[in-house]
Amino acid sequence: MVRSHPGRPRRVAVISLHTSPLAQPGTGDAGGMNVYVVETARRMAQRGVEVEIFTRATSSDLPPVAELADGVLVRHVIAGPYGGLGKEDLPSQLCAFTAGVLRDEARHEPGWYDAVHSHYWLSGQVGWLLRDRWGVPLVHTAHTLAKVKNASLADGDRPEPLSRVVGEEQVVAEADRLVTSTQAEADDLVTAYGADPDRVRTIAPGVDLRTFTPAPDRDAARAALGIRPEDTAMAFVGRIQPLKAPDVLLRAAATMLARRPELRERLVVLVVGGPSGTGLAEPESLVALARELGIDDVVRFLPPRRGDELAQVYRAADVVAVPSYSESFGLVALEAQACGTPVVAAAVGGLPTAVAHGRSGLLVDGHDPEHWADALERVGLDRAGRQRFSAGAVEHAAMFSWDRTADALLATYAEASRAKDRDRTRGMAV
Ligand code: UDP
């Protein structure tokens, strides 16, 4: 069956194989990609496009179809046992998952979907086949790239296997359009994966400026977390894994306390998020590290939380640290800034786009605790400086919007469809 829709798509199949848009981000395999899929799907639906998100069923309690929002369905595809499979096991379930999606589609009239958008390489492998079968464009977002990740591993982190590298290379070669969040990621795709630059589109992700707003009453946000007005609060938010390097914030806090013993009375370090993967930075190892560094009295671990509650954490903090070794964008940095909290981030991947160095926060080269302590002190300890950075943070975050992301994605689906039609006329496309 061959068809395509030259104008705006009416229905889009989104593939998010390894993690569900219904999952709580900030723990396990759920993070920025889940937020991206949900936020863009909602906005596409608000523009009259029906979105169906296919994800692997991980529990027998899940209904085959769930409504995420008006116009957005989540389809749970049975592929392998519900439990017991980690992300690294999922390449064995690609065939079963694809078969499930094809069976779902066969219930509709022919030509139901106008585009396939796959997220992460596992979904890209599925999308590749769907694209060929349905004759619609495949738009792919990698979110992370194995070669980039392997080039800057944290201590104790396992390199991504060759099978993923090969799988990604295939998807890069096959996709009609490759969407990246930043120009840096686009350059990585071209130089490390040989992507055709004409097929790469850089579309910035957004931030929900209704949920992540500056605090009307910052002291109330702090009081709710037991932080006093005179305290200095520094936060890490995200999945607790070596790549995200929450340990760097702990080491920097220990350095600051060694430099300024009087700070111990009023320093609070918040670590918000759940375990993800294995390695040095698992929560238990972080608890042990805090003890070893002699700062367990200032560090507080909080479980992952949703939207409004997370916004309260950002508002309560004087500064948010994003010390990742590799980060394709870093939504946490944008969300914190939208709440008026400056960010100190590692100068890697998308973070130099997410943070305006010197205006909305600071970027740090490398992970030396001394350098991190310098930057955190500059942004978090000096009240006047903090106010200036805070205003810059709100201004910088306001440049990003999920509405614009969704509009740009819809435009990409449409232009990929038109290109496919042209190729088909010339006898070049499936
Ligand atoms: N997040 C959340 N609750 C938490 C911690 C994190 O909802 O307790 C969300 C956060 O709002 C952000 C996402 O998880 O949107 C993390 O995205 P980011 O791009 O920073 O990192 P990733 O997880 O994709 O590596």
Side-chain angles (χ1 to χ4, degrees), residues 16 18-42 87 119-121 141-146 148-149 152 154 157 160 180-182 184-185 203-213 225 235-246 249 270-277 279 281 283 300-317 320-339 341 343-346 348-355 361 397 400-402 405:
S16 176
H18 79 280
T19 176
S20 168
L22 301 172
Q24 166 67 59
T27 187
D29 287 330
M33 177 181 133
N34 305 63
V35 174
Y36 188 110
V37 168
V38 169
E39 296 292 343
T40 54
R42 278 182 196 279
K87 189 162 74 170
H119 294 271
Y120 195 66
W121 76 276
T141 307
H143 293 277
T144 62
L145 293 166
V148 174
K149 196 173 161 190
S152 47
D157 218 352
E160 292 296 317
T180 67
S181 291
T182 62
E185 198 189 346
I203 298 174
V207 58
D208 180 352
L209 293 173
R210 275 169 312 187
T211 302
F212 299 107
T213 56
L225 291 164
F236 167 91
V237 173
R239 290 184 278 163
I240 310 227
Q241 52 177 217
L243 197 75
K244 295 270 176 194
L249 174 59
L270 300 173
V271 178
V272 184
S276 171
R300 292 187 209 159
F301 294 91
L302 302 174
R305 54 208 55 220
R306 283 196 182 271
D308 281 355
E309 271 188 73
L310 189 61
Q312 287 294 74
V313 172
Y314 292 135
R315 290 174 191 134
V320 165
V322 186
S324 315
Y325 283 90
S326 159
E327 192 74 67
S328 57
F329 190 78
L331 292 181
V332 158
L334 270 194
E335 293 162 358
Q337 292 169 92
C339 290
T341 304
V343 173
V344 173
V348 300
L351 289 169
T353 306
V355 177
F400 297 83
S401 118
W402 287 120
T405 312

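All values below were derived from every heavy atom in this structure, side-chain atoms included, with hydrogens, water molecules and symmetry-related copies excluded. Whatever order the structure lists them in is the order used to number ligands and atoms, beginning at 1.
- Between Leu331 and ligand 1, a contact under 3.5 Å exists for at least one N or O pair.
- Counting heavy atoms from C-beta on, the side chains of Tyr325 and Lys244 never come closer than 4.5 Å.
- The closest approach between His143 and ligand 1 stays at or above 4.0 Å for every heavy atom of the residue.
- Distance from atom 3 (N) of ligand 1 to its nearest protein heavy atom, with residue and atom name: Arg305 O, 2.6 Å.
- Considering CD1 of Ile203 and OG of Ser181, their distance stands at 9.0 Å, rounded to 0.5 Å.
- Atoms of ligand 1 found under 4.0 Å from any heavy atom of Val35, numbered from 1 in the order shown, are 15 (O).
- Heavy-atom contacts of Gln24 reach the following atoms of ligand 1: 2 (C), 3 (N), 7 (O) (cutoff under 4.0 Å).
- Close approach of ligand 1 to Val237 (heavy-atom distance below 4.0 Å) involves ligand atoms 5 (C), 6 (C).
- At least one side-chain heavy atom of Met33 sits under 4.5 Å from a side-chain heavy atom of Thr19.
- Any N or O atom pair closer than 3.5 Å counts here, and Glu335 shares at least one such pair with ligand 1.
- Taking both residues in full, the closest heavy atoms of Pro352 and Gly349 are given as CD-O, 3.3 Å, listed atom of the first, atom of the second, then distance.
- The protein heavy-atom contact nearest to atom 16 (C) of ligand 1 is Gly32 N, 3.4 Å.
- Closest of all the heavy-atom pairs between Glu327 and Ser324 is OE1-OG, 2.6 Å.
- Regarding atom 6 (C) of ligand 1, its nearest protein heavy-atom neighbour is Gly26 CA, 3.6 Å.
- A 4.5 Å side-chain heavy-atom check between Trp402 and Tyr36 finds at least one atom pair inside the cut-off.
- Atom 25 (O) of ligand 1 has as its closest protein heavy atom Lys244 NZ, 2.6 Å.
- Considering all non-hydrogen atoms of both residues, Leu209 and Phe400 come closest at CD1-O, 4.1 Å.
- In this structure, of Leu351, Val332, Val38, the residue bringing a heavy atom nearest to atom 20 (O) of ligand 1 is Val332.
- Against a heavy-atom cut-off of under 4.0 Å, Gly330 is close to the following atoms of ligand 1: 19 (O), 20 (O).
- The Arg239 neighbourhood of ligand 1 comprises atoms 22 (P), 23 (O), 24 (O), 25 (O), with distances under 4.0 Å to a heavy atom of that residue.
- Here is the list of ligand 1 atoms found below 4.0 Å of a heavy atom in Pro304: 8 (O).
- Atoms of ligand 1 found under 4.0 Å from any heavy atom of Glu327, numbered from 1 in the order shown, are 21 (O), 25 (O).
- Between Pro275 and Thr27 the shortest side-chain heavy-atom distance falls below 4.5 Å.
- Once rounded to the nearest 0.5 Å, the distance linking CD of Gln312 with CG of Leu225 reads 7.5 Å.
- The closest protein non-hydrogen atom to atom 2 (C) of ligand 1 is Pro25 O, 3.3 Å.
- Judged by distance alone, the side chains of Ser276 and Gln241 do bring a donor and an acceptor atom under 3.5 Å apart.
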